[in-house]
Number of protein chains: 2
Amino acid sequence: MHEESALHNVQPARKQQQRSVVTQQKLLNAAIEAFAENGFKGTSTRDIAERAGVHHPLITYHFKNKDQLWRAAADYIFTAFSASLNKSLKEHSNLSPKSQMSAMIRVYVSYAKDHPALHKVMVQEASYPSPRLDWLIEEHLKPFFDFAIDMLGKLQQLGVAVPGNTAVLFNMIRLSSGGLLALGNELGDSSGLDIDDPETIDEICEMILRVFLPGEMPAAYAANTAVESIA
Amino acid sequence: MHEESALHNVQPARKQQQRSVVTQQKLLNAAIEAFAENGFKGTSTRDIAERAGVHHPLITYHFKNKDQLWRAAADYIFTAFSASLNKSLKEHSNLSPKSQMSAMIRVYVSYAKDHPALHKVMVQEASYPSPRLDWLIEEHLKPFFDFAIDMLGKLQQLGVAVPGNTAVLFNMIRLSSGGLLALGNELGDSSGLDIDDPETIDEICEMILRVFLPGEMPAAYAANTAVESIA
DNA sequence: CAAATTATTTTCCGGATTGGACCAAATAGT
DNA sequence: ACTATTTGGTCCAATCCGGAAAATAATTTG
């Protein structure tokens with residue numbers, strides 16, 4: 001027996017084996033996919049194990065139980081997203097606020113395209129109150145939201161973003177960006193849009209900018225306003 | 001035994017009893033709620049029956065099986081929505097296209113507030129390919145989408161709606177409108193928004209109009225362009 | 001290499017849940 | 001009052017559930 005999930009092992013008396021991290025990752029990816037499709041309740045650990053091509057008791061071994069697996073999976077995908085977001089923020093830190101927000105939206109859309117589960121899991125969990133939703137908000141959503149809303153508010157003051165309740169505006173951007181990609185299956189059949197076409201992705205990004213950030217940056221604006229990355 | 005669901009009875013040798021339609025409606029409402037929360041796979045017929053306060057074998061009696069119940073529930077909510085939409089369209093048929101689209105968005109937002117399941121079910125089913133998704137698109141989504149996209153395209157030509165791919169724009173409106181309401185649980189905790197406050201609803205509607213339909217109608221435009229209701 | 005530790009496989013469990021069948025009783029139209 | 005419709009109560013066989021436990025295999029470390 002072990003006290004903690006292998007992912008957060010405190011004192012590994014011995015090094016973690018390679019195959020271990022491989023199966024953990026296989027399980028995490030499978031879990032994300034399954035949870036995104038069928039929600040927490042609608043997903044069985046056996047389904048996840050099968051998708052991962054792994055014997056189901058390994059879930060107990062590596063993650064203790066279904067709930068911890070869900071949390072580990074959420075950590076996994078949100079941390080990865082946060083990383084690529086911070087990377088982009090750093091690269092664009094010397095550009096105008098509008099360019100920064102623009103880059104941020106592009107990162108989100110790109111990430112949502114490759115990992116639609118990011119958006120789906122959020123929607124799935126928000127469907128009804130649950131301890132997981134509370135945890136997700138506190139642990140991952142709130143920091144990101146606070147940061148983005150603050151940034152968006154500044155753009156509103158500059159006349160770049162549409163005025164109005166900033167939180168509402170932010171969530172509209174989030175839902176549009178993530179939702180379009182998550183609805184890939186439906187969009188094709190109902191609206192003739194091909195999500196896998198890079199041009200469609202571009203069109204989506206540009207449309208979001210055109211709609212939500214229609215204003216131009218004031219010419220006199222000094223581009224150099226440092227933007228700290230998210231904690 | 002009966003050949004068809006009671007809802008689509010062909011030759012009722014005797015009239016359908018009142019209490020029958022009551023339990024059917026209770027079941028339909030419960031089904032919509034449950035399917036919206038946990039998806040098709042994640043919902044059990046027993047769960048639905050329990051929510052409806054009805055003995056679960058009645059599902060078999062009234063709807064034959066789980067799948068038919070899902071279809072009946074989808075029919076129910078989409079038909080009701082279509083009705084209130086057509087009503088609003090008729091009432092505003094003498095107004096400008098922008099006012100009509102504005103009214104349409106308000107109807108959608110209001111409906112999504114009282115019946116967030118409308119949006120949730122769509123998202124749930126679009127999560128992965130399924131015969132239900134195909135059916136839903138063909139039966140309900142396509143007619144509505146085609147109508148709305150056509151209307152939106154005209155508004156783009158008039159310079160009222162933001163230019164760009166009309167289908168993308170339409171889906172952004174749809175996701176923003178429905179999504180904000182469907183995410184009620186999350187929005188409160190993560191962004192301090194109270195969905196139950198009528199002012200919030202107003203703010204949302206106005207924001208959507210401000211963002212997606214920023215242009216003014218050309219003054220010279222003749223208001224009287226008849227708009228047929230959806231088939 | 002050998003021992004100690006970590007990881008995987010295999011088997012099993014008790015219980016809950018699944019969708020659905022069945023029939024007797026109640027109810028409501030005619 | 002007669003009869004079709006609707007409901008209540010019970011049951012079932014199958015499957016799936018999350019997890020425990022023990023036997024086996026593979027790796028790291030000394």
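Throughout, protein chains are lettered first and strands after them, A, B, ... in sequence-line order, and every chain is numbered starting at 1.
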Participant: What is the distance, rounded to the nearest whole Å, between atom NE2 of B:His62 and atom P of D:dT5?
Facilitator: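 It is 13 Å, rounded to the nearest whole Å.
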Participant: Sequence neighbours left out, what passes ring pair (Phe, Tyr, Trp, His ring centres under 6.0 Å) with B:Phe78? Give chain and number order.
Facilitator: B:His140
Participant: Suppose the criterion is salt bridge (Lys or Arg N to Asp or Glu O under 4.0 Å): which pairs have a residue in residues 17-32 of chain B, not counting sequence neighbours?
Facilitator: none
Participant: I need the full list of salt bridge (Lys or Arg N to Asp or Glu O under 4.0 Å) pairs touching residues 48-58 of chain B, with sequence neighbours left out, sorted by first then second residue.
Facilitator: B:Glu33-B:Arg51, B:Glu37-B:Arg51, B:Asp47-B:Arg51
Participant: Return no unless some side-chain N or O of A:Ser20 is found under 4.0 Å from OP1 or OP2 of C:dT6.
Facilitator: no
Participant: I'd like to know if A:Arg71 pairs up with A:Asp75 as an ion pair, taking the criterion as any Lys NZ or Arg NE/NH1/NH2 lying under 4.0 Å from an Asp or Glu carboxylate oxygen.
Facilitator: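 Result for this pair is no, no salt bridge flagged.
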Participant: I need the CD-P distance between A:Glu50 and D:dG18, as an integer number of Å.
Facilitator: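 Taking CD of A:Glu50 and P of D:dG18, I get 13 Å after rounding.
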Participant: At under 4.0 Å between heavy atoms, how does the protein contact nucleotides 10-20 of chain C? Give one character per nucleotide, 5' to 3', with B, S or -.
Facilitator: BBB-----BBB
Participant: To the nearest angstrom, how far is A:Phe63 atom CZ from D:dA20 atom C1'?
Facilitator: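 Whole-Å distance recorded here is 19 Å.
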Participant: Rounding to a whole Å, what distance do you find between A:Arg19:CZ and D:dA25:P?
Facilitator: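 Rounding to the nearest Å, CZ of A:Arg19 and P of D:dA25 are 12 Å apart.
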Participant: Using the salt bridge (Lys or Arg N to Asp or Glu O under 4.0 Å) rule, collect all pairs that involve residues 110-123 of chain A, keeping only residues at least two apart or in two chains.
Facilitator: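 Listed once each, the pairs are A:Lys113-A:Asp196.
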Participant: Applying salt bridge (Lys or Arg N to Asp or Glu O under 4.0 Å) as the test, list every pair that has at least one member in residues 178-187 of chain A; sequence neighbours left out.
Facilitator: A:Glu186-B:Arg174
Participant: To the nearest 10 degrees, what angle separates the axes at the start and end of the helix from C:dC1-D:dG30 to C:dT30-D:dA1, five pairs each?
Facilitator: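 Here the local axes at opposite ends form an angle of 30°.
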Participant: Using whole Å, what does the distance between atom P of nucleotide C:dA21 and atom CG of B:Leu58 come to?
Facilitator: 14 Å
Participant: According to salt bridge (charged side-chain N to carboxylate O under 4.0 Å, His left out), who are the partners of A:Lys87, at least two apart in sequence or on a separate chain?
Facilitator: none
Participant: Do any pairs count as a ring-ring contact (aromatic ring centres under 6.0 Å, His included) and have a residue in residues 166-205 of chain A, sequence neighbours left out, and if so which ones?
Facilitator: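 Sorted pair list: A:Phe145-A:Phe170.
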Participant: Please state how far atom CD1 in A:Ile48 lies from atom C1' in D:dC16, giving the value in whole angstrom units.
Facilitator: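 Rounded to the whole Å, the gap is 14 Å.
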Participant: Between C1' on D:dA23 and OH on A:Tyr61, what's the gap in Å once rounded to a whole number?
Facilitator: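 The distance from OH of A:Tyr61 to C1' of D:dA23 comes to 15 Å, rounded to the nearest Å.
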Participant: Answer yes or no: are there more than 12 heavy-atom neighbours, outside B:Glu91 itself, under 6.0 Å from its atom CD?
Facilitator: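 Yes, CD of B:Glu91 has more than 12 neighbouring heavy atoms, counting only those of other groups under 6.0 Å.
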